[in-house]
Every structure is written in structure tokens, then in C-alpha cells.
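All remarks here apply to the structure that follows.
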Amino acid sequence: MSQETVKRDRPWLMRTYSGHSSAKASNELYRMNLSKGQTGLSVAFDLPTQTGYDSDHPLARGEVGKVGVPIDHIGDMEALFEAIPLDQMNTSMTINATAPWLLALYVAVAEKQGADPAVLQGTTQNDVLKEYLSRGTYIFPPGPSVRLTTDLITYTVDNIPKWNPTNICSYHLQEAGATPTQELAYALSTAIAILDAVRDSGQVPAERFAAVVGRISFFVNAGIRFVEETCKMRAFGRMWEQLAAERYGVTEEKQRRFRYGVQVNSLGLTESQPENNVQRIVLEMLAVTLSKNARARAIQLPAWNEALGLPRPWDQQWALRMQQVLALETDLLEYGDLLDGSPVVEAKVQELIAGAEQEMARIAEQGGMVQAIESGYVKRELVKSHTRRMRDIESGALQIVGVNCYTQTAESPLTGGADSGIMKVDVQAEHDQIAALQAFRAGRDQGAVEAALAELRRAAVEGDNIMPASIACARVGVTTGEWSEVLREVFGEYRAPTGIDIAMAGQADSPALEAVRERVRATGEELGRPLRLLIGKPGLDGHSNGAEQIAVKGRDAGFEIVYEGIRLTPGQIARAAQEEGVHLIGLSVLSGSHMELVADIRDQLAAIGAQDLPLVIGGIIPEDDAAQLRAQGVQAVFTPKDVDMNAIMDQMVTIIRQHNGLEPLA
Amino acid sequence: MERAALGDKAAELAVAVARGERPALARALNLLDDRRPAARQLATDLLARLQSGDFQRDSHLIGMTGPPGAGKSTLSAALIRVWRQRGLGVGVLAVDPSSPLTGGALLGDRLRMQTSDTDEGVFVRSLACRGEFGGLSAEVWPMSLVMLAACDVVMIETVGVGQREIDVSRMADTTCFVAQPGSGDSVQFLKAGILEVPHVLVVNKEDMGAVARRTLAELGNALGRSHRDGNWQVPVLSTSAANGTGIEALADTLAQHHAILLRDGQLDTRRRSYQAHWIIKRLQQEFGTHGIARLGGENTLAARLVAEHQSLLDQYQAFRQCLLNPTYPEGGNTDHAQS
Ligand code: B12
Ligand SMILES: Nc1nc2c(ncn2[C@@H]2O[C@H](COP(=O)(O)OP(=O)(O)O)[C@@H](O)[C@H]2O)c(=O)[nH]1
């Protein structure tokens, strides 16, 4: 036995989610990562690209090239994959509302490289439903969004058969607070909504439908409770297989297999003692690799400095090396399934399935996932779960090492250094991108662009598959903003429910909360009316968790909270503050554009005569930026390490009191 | 501060509000919300100015109600767009129904109403329902008066069928009820007589097809022909706020009702009876039915309030002072018609 050469399984696909500044800079990064042994690409796009704006659009200000690569047109896409032969690459693109467009660009670049688009391999995330619930880069209302999703699916099934046209995502749901049961239920309900829509679109003949089901893959999360998370993966596999067989009549075993990629949990990665994140990431990776029968196909890991800011190449390398050590050094891949037959595991799997089935029935009762999203039901359930989590962290019922226990620490050598341990995007990148875009526009055949856009509009209006017209647009140099604008005009835009209208906590309130509430009440009385707080999410940033939690806590503390959801312009926020007569503006910015956005909002406030309103901000704000903001008059800056939200409320009351010349309260 | 100085300040603010200056309108609304004595006095003076002949204009106050999820906010947004195209300045008071005991509230229904961040012609103020005054906050009516001085159309938007809806109908010139297709509620309420109140019924979401048409037909049948105010046939309209269909027709119908009120000279009478209703309700809250009895009973008091032609808070304060005087009505001048 020991003499035989051990047969190892092939490792999963190892990726690093990356992209920044410009197509050229990202291309260099990709080539370096590939040379380090990374086996696939995972493209992060910047927020304007994801929400369908050109780099020179006013809403793109400060966001260009920040959290991903800006792609305005085919020239950018070509530069992104320069010297990377697309017919040999496996590329995952985290792109949703504009997924048909980015795929169109990908196809057009492949053609230019001389490759046959039919052989392309990779993934478009293309799951807009979870954008309404968590990720925030939706554009159109649910109806048209589902149509675009299904158009992309049916197109690739026919024309790019190895493409994964959609990744049904539960990853982002856990990042917005979902429990394992909710992850299962909402992801599978989303899959049902999409597959039903494909079936009902009539674009796929019945005999080809099993092939569509076979192309559906998932993007899943794995949190720190890794035993339960492993069980969740097994539950996923079983439920999906059953769904494929029973609802869609898929007979071939291969087409019913639950195929999934993973990014492990980032919500639980901390700003305090960030080195502890390494342990967390490794344990979470175990959850999706331990059980061979429920193992991930592709894994990307966050970096140790996740809660500080964007990772540098070295940080990403470290994350990649974690995967390599597990796959290459350990003996994990030498064995069959380690968990089969364990009664403990089986019981947990059954429990998760039962809970998920119950929640799925609730969704079905409401008419399906789309309806349950539109009514705000699902979002409210997520906010409730996240609120429970935050409350448990506050009370200590949920222990997080370095955050609410064992907080004492020696000075970290990791966070020092000139860059404070994170990557800083060069501000010049935005200027360069805009200049290049304007030059590109000037150099193209305008007549061809207009004809292609007219055809796109026709296809959108008449219900033809959107892909052929989009690919034609890509070839002639249409821009991301132009493609999106045509569809905005045809389909309209949408604002998703915020989900914060949840009931107050049933349990007894903590003394700390009671104390803040009293201070809020007393201050309101002194100022003549209840304290009002505007919570604003400016820019294209979709990170809503913090704003939602602050809103709910503020309500519980007795504030009247005005919160209108994500993606507002500085002008809208300034006006809302004035119209609503608030005592304080609280901004939440996690996208890295806080300096530009705060400056814009202050200008807007001054323009309408409301410059004297006090302002605080929370989010991912590096310390030197925070100092600068405070120097500019921002009253307080909060970051992820401020987990005591009662204390945050308290500080806001103090700011309001000081601003209005009231004496400190005893 | 001296009353005279306050008077100047009130006059200045009134002029700025009437000119539609947004910071002034915001300040005035804050003031009406402010319970400190000096603010109360200033608010009283402000309303006295705004309700005086100098600032009278024929603005239209519309109440929009209906069950949650029927599409009121979306429909309001669509209506606002039409009004803006017609060059009308729009004010919105969005009343949030939830009011936990802590006093805190989550407001954000304005999110669907925002049309553009450069349009100066729309002003939205959200209000928590602070658990007093039946279904709506006491501030809604005085705030409406301020908005009416600054805008051509003012809309009070609130969730609800039943009490809150009746409350709105006691403030608005025109009450509009938005029904959800397929929900039996609306028809039920109609039959129970609760829905006698609205002047305009809308079945939204006509894009849902058959189910919307069915509800439209049911409402059409269940409905008596004319409104009990007289002189008005209650129309049942069909819209899709999502697709923007039927919105122009709804705006036209609302405007028609307004025109009839103006033509028949009813607008003013109606607002005065609403004012009386508000004052009585507030006094009742503070002094109980006994207090109202001391003032001669509800009917007499209402008649007196309507006849007096005084501004809202002046009138309210005057009667409040009466009741704060323990010997009243001995020295007073009521007709002890009822008790
Ligand atoms: C959860 C999460 C997500 C979720 C968001 C879900 C949601 N609906 O919110 C998902 C998975 C969707 C997501 C997506 C993306 N993310 Co993300 N995400 C995170 C993560 C892991 C946690 C953020 C969070 O929710 N924390 C929990 C809340 C409660 O904490 P908080 O917001 O910090 O709020 C606390 C304080 O800051 C403060 N506070 C915050 N706001 C306010 C406001 C007021 C008024 C007050 C008083 C206080 C206050 O109080 C709160 C209580 O403690 C962070 C990294 C991290 N660990 O922090 C990355 C992070 C923010 N994401 C990042 C990126 C890049 C993205 C993407 C843009 C990637 C891409 N290229 O597509 C996408 C797109 C999102 C979009 N549309 O904008 C980066 C941002 C980089 C930067 N700023 O330089 C981060 C830092 C990760 C990283 N290191 O790369 N993300
Ligand atoms: N299909 C359809 N949906 C609509 C229409 N109007 C609103 N909605 C949707 O109905 C839901 C509730 O709308 P909202 O305006 O918030 O309702 P409110 O609670 O009455 O203010 C949202 O999901 C809207 O997108 C419409 O005309 N047609």
C-alpha cells in the first residue's frame, strides 16, 4: 500500500480577485499573478463600469479605477488582456447589471486576438437579484434585469458552450448578514426564478433545457463556523440535485451537479489585530475543501488586511499561498470524502435542509424570489439577521478575538510602513483614464456607433436577445456609458427597498442603550423637537450594512432617521438634509472615495445655504485620511473597529449638543 | 424676545416662504415642529402672516392614502414628474406610520420621490407619526399650511386604510386612495363604508393585467356614483406608476376636483372646517371632552371657530388660554348650548 504512488485529486482553480487603476496596470498585475502559479483570472471592475457609467460621467468622480479596473470600451478590454490568449484562459468576471456588455467586449477582444469565441471559458457573475439584496450594482428594475440575465444565459448555451453564464450568489448574502439557512434558501430561490424565466422565455427548446441547468454554477460563502459551513455545502449539493431532477426533469447526473466557487467570509475579518484574519481565512477555506463530495471548484481568498483597505500584491500573494499550501503540502487531496457516514454531519445537513425548505416555501408563497425582493421581504430578513449579529457582538454573546475580547495587543509590524499596509490607488489614474476615453471617442466611426446603438435599442424594445446587438456595439467602439444609457432609456431605473423597517428588538434593552435613549430624548427636548439624523450613502458605493445598522440602532436609540438607500449624489444628500431639517448628517463610505465625496457634499451644502450642518462619517477610512477629514471640520470619523454602536450614538448626541451650544449632560 | 421683534422675524420668514425660498421653507417647518415657547410664539405669528390675505393663493392640498405596497410612493414620484412638466411647484409631506414607543423612527419613503437633484421645484419633508393625534402627527396640518404658501401642489402621503385615511381626508382638499390589484381589502373597506371618503380612487399596477382590471371593475361596481360632498362623481382610475401610464389622466382628474372646489368657493370653507377640526382635536387631547364641553360642545365650538376667520395657532392659543383659566366660562361668552 505504502509503495503505491498516491493518486492526488486535481486542485481547485486558484484565483485572486483583482483589478485597479487602469487596464494596463491590471494587465501587468494579472500576468505577474499568473507567473506566480495562479490558474485563472478573476476581474474586479470599478464601480462606474459596474453601474454603467463612462469614466467621465459626473457620478464616476473619485471612483474611476479605485476598487477595480475601469473598462470604457473595447480598447480598454484589449489592453486588459494584452498577451493573455483568451482561448487558453479561464476568466471570471464579477459583473452583473452590465454583464451582457462586458461579455460582448470579451467576445469582441477574443475575435480580435484571432480566437474562436466558441471555445472561450470563464464566468460572468450575472446575478442581478442579489445586487438588490446586498451588492448594490443594479441599474434596471427586476423585470428587465431578469430578461438580460436570461438573454446572456441562452446566448452562451448556444454559442459559448463552456461559459458559465451565471453564478447564483449566496456569498454576498452572508456578507449582508445571512444565516446558512438563509443563504441556502435565497440562492436556490434565485436559481428557480432565473431558470423559470429562461424556460418561459421560449428561447431554449425543451430538449436543450437540461444543458442550461447544467451550466448554472454558484458562488458561495464560507464563514468561521466551519463545521456548519461544510454541512451547508453538502446541503447545497443535495438540494440542487433534487431541484434539478424534480423541478426541471434533468436526468443526467453530471448536469445536476452542484458546481460552485468560493470567496470566504470577509465580513468577519477585523480591523483590530488584523493578523488574526489569516487564521480565520485558513479555517474558512477548510469548510469548502474538507468534504471531497462538496468541494469548491474555484477559490479566491481575501487578504489579511481586508478591513483596512485594498490589498497590495504582496497581500494577495500571501492569500494565494494559503491555497497552495493546503492543496500541495497537505494530504487533503489524497483521500475520498472524509465526512460521508458521519451521523453528526448528517444531522446538521438535515437540519439545514429542513430550515431552508421552510424559507423557500415562504418565498414561493409570495410568488417567488422577484416578488419577495420587490416587496422588501428578503432584504428585511437579511437586515434582521445582521442586526442580531451586531447585537451579539455588542453584548459579547458572539466572541470575536481582538474585537470584543482579548483586545490587548503588542504593536503590529504589519500595519506600519509608508503605505500603512494597504494599496493606494494613484489619483492620476482617473485623469489619465478620462483623457484616454475622450481621445478614443474622437477617433471612432461615429456613424457606425450610432447605427449599432439604434440596433441595440431596437433589440431591447422588441425583446430580441440582447447579445448580438451588444457584440456589434463592442466591435465599433460603443462605450460602457452609451450601452447602459440606451437600456436605461428603454427599461428605466430602479431603487431597491432598504429593508431597515424591521421591528424593534423584542428582548429587554441593554442599560447602555437605555442610557443613550435618555440622552437623545433630553437633547431633543432642549432643542424643541426630536433629534433627526440623515444617514447618507453618497456615490456609487453599494456597501449598505453599516448604514443600515446605524439607522436601525439610531431608531432604537430614539432618533428620527432619514435613510434613503445607496447611491445618492452629493446634491441629493445635501438637499435631503435641508428639506428634512436634520440635526446631523452621517455619511457612510466604504468605496474609498470619501475625500472627494465629503468635499462635494460640503460644496453642495454651502450652495444651498446649509453649510452649518454638522457632519460625521463612517466606513473604510485610513487613519491619515481621517485626520485630514477632521482637520477639514468633519466632526467624527468611525471605522470598523468601532463596534460599540451605543457609544457611536452617544458621541453623535454629544456632537449635536456642542454644535447647538448646549451644556454637556451629566 | 419681544413680540414685536418676533413679529418682524415672522414677517420676514413669511415673505421668504411665500417666495418659495427653500432654506426658509425648511426653517419654517422646523419651527412648526419646535415646542419651545419662543418658537411656539414665532410659529403662531408666522401662520398668522401666511394665513392673512397677503399670502393667499389657490394651492391644492392632496391626500394620498392606501395600503402599504400599493405603489403610493412610486405613483407620487410619477405625479411629481407630471406636475413639474406642467410647471407646478410641489411640496410633499410623507408621513411614516411606524412609531415605536422609544420615539425613534425610520423615514425614507422619499426615496422614490426624488426626481432630480437639481430640480428646485420639489420639496419633501418626512414626518414620523409620533403616536399622538390619532393616525397622523399633529404637525401635519400646520406644516401643510406652510407648504401651501410656498408650493402650487402639496401632497400628504401616508399608509393606511381606516383611521389614518379618515384623518387625511379631514385635511386635504382632495383625497386620493390607491388600491392594490387583487387585494380584497379595498373592496371590503368600500362596502363597510370606510372608503366613502376619497374623491378619487386609483387602481395602480395596471401592468399586472387581468387582476388589475378585475379590481378596477369591482371598485367601479361597489362605488356609489357621487361623493357625499356633493357635486362630484368619484372616478375610478387605472394607472401604472412603473410604466408611467394613466398618470396624466390622474393629474387632470385631481386638478378638475380642485377647479370645482375653487369655482364653488368651497376651498376656503373646507379649510376653515379642517382648521376647526384640528383645533378641537388638539384641545380635546389636552383638556378632554370635558374641556370641549366647557367651550360649548363640539358643534357649537366648530361653528364658532369657522365663523371667526382667525389664523390657526392664534385661534388655538386663544381657546387654550380660556381653558387654562380655571374660572372659564364664568367670565367668558359661550352659548352653553350643549354639555
Ligand atoms: C461586507 C462587504 C461587502 C458586501 C457588502 C454588503 C452590503 N450590503 O453592505 C459585498 C460582498 C456586497 C461587498 C462588495 C464589494 N466590496 Co466590499 N466589503 C465588505 C466588508 C467585508 C465588510 C463591510 C461591512 O459591511 N462591515 C460591517 C459594517 C457594520 O461595518 P462598517 O460598514 O465598517 O460600519 C461600522 C463603522 O465603520 C461605522 N460606520 C459605518 N458607516 C457609518 C455611518 C455613520 C453615520 C456612522 C455614525 C458610523 C458608521 O459604524 C459601523 C459599526 O461598527 C469590507 C471589509 C471589512 N471587513 O470591513 C469590504 C470592503 C469594504 N469591500 C471592498 C470592495 C472593493 C468591494 C467591491 C467594490 C469589490 C468590487 N470591485 O466589486 C464590491 C462592490 C460593492 C459595491 N457595490 O460598492 C473594499 C473597499 C476598498 C477601499 N475602500 O479601499 C473592502 C474594504 C474590502 C477590501 N479590503 O478590498 N463588500
Ligand atoms: N408592477 C408594478 N409595480 C409597481 C407599480 N408601482 C409600484 N410598484 C411596485 O410596488 C412596490 C411598492 O411600491 P411603493 O411605491 O413603495 O408602495 P407604497 O408602499 O404604497 O408607497 C415596489 O416594489 C414598486 O416597485 C406599478 O405600477 N406596477
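In what follows, chains are A, B, ... by sequence order, proteins preceding strands, each numbered from 1. FYI, side chains are in, hydrogens and waters are out, and symmetry mates aren't considered; it's all heavy atoms of this structure.
Proximity to chain B (any heavy atom under 4.5 Å) is shown, for A/Ile500, by both the backbone and the side chain. Neither the backbone nor the side chain of A/Ala610 comes within contact range of chain B, judged by heavy atoms closer than 4.5 Å. Only the side chain of A/Arg532 has a heavy atom closer than 4.5 Å to any heavy atom of chain B.
If you take CZ on A/Phe559 and CG on B/Leu107, they are separated by 13.5 Å, rounding to the nearest 0.5 Å. In this structure, the separation between CD on B/Glu120 and CD1 on A/Ile608 is 8.5 Å, given to the nearest 0.5 Å. Atoms OG and CG, from B/Ser126 and A/Leu534 in turn, are 10.0 Å apart once rounded to the nearest 0.5 Å. In this structure, B/Asn30 CG and A/Arg529 CZ are separated by 4.0 Å, a value rounded to the nearest 0.5 Å. Here the CD atom belonging to A/Glu560 is positioned 7.0 Å from the CG atom belonging to B/Asp33, to the nearest 0.5 angstrom.
Nearest heavy-atom pair, A/Arg575 versus B/Val122, reported as atom, atom and distance to 0.1 Å: NH2-O, 3.0 Å. A/Gly528 approaches B/Asp34 most closely through the heavy-atom pair CA-OD1, 3.1 Å.
More than 12 heavy atoms of other residues, nucleotides or ligands shown are found within 6.0 angstrom of CD on B/Glu286.
Between B/Arg22 and A/Glu579, some side-chain heavy-atom pair lies under the 4.5 Å cut-off.
For chain B, the option among A/Gly376, A/Gly554, A/Pro530 with the highest count of heavy-atom pairs below 4.5 Å is A/Pro530.
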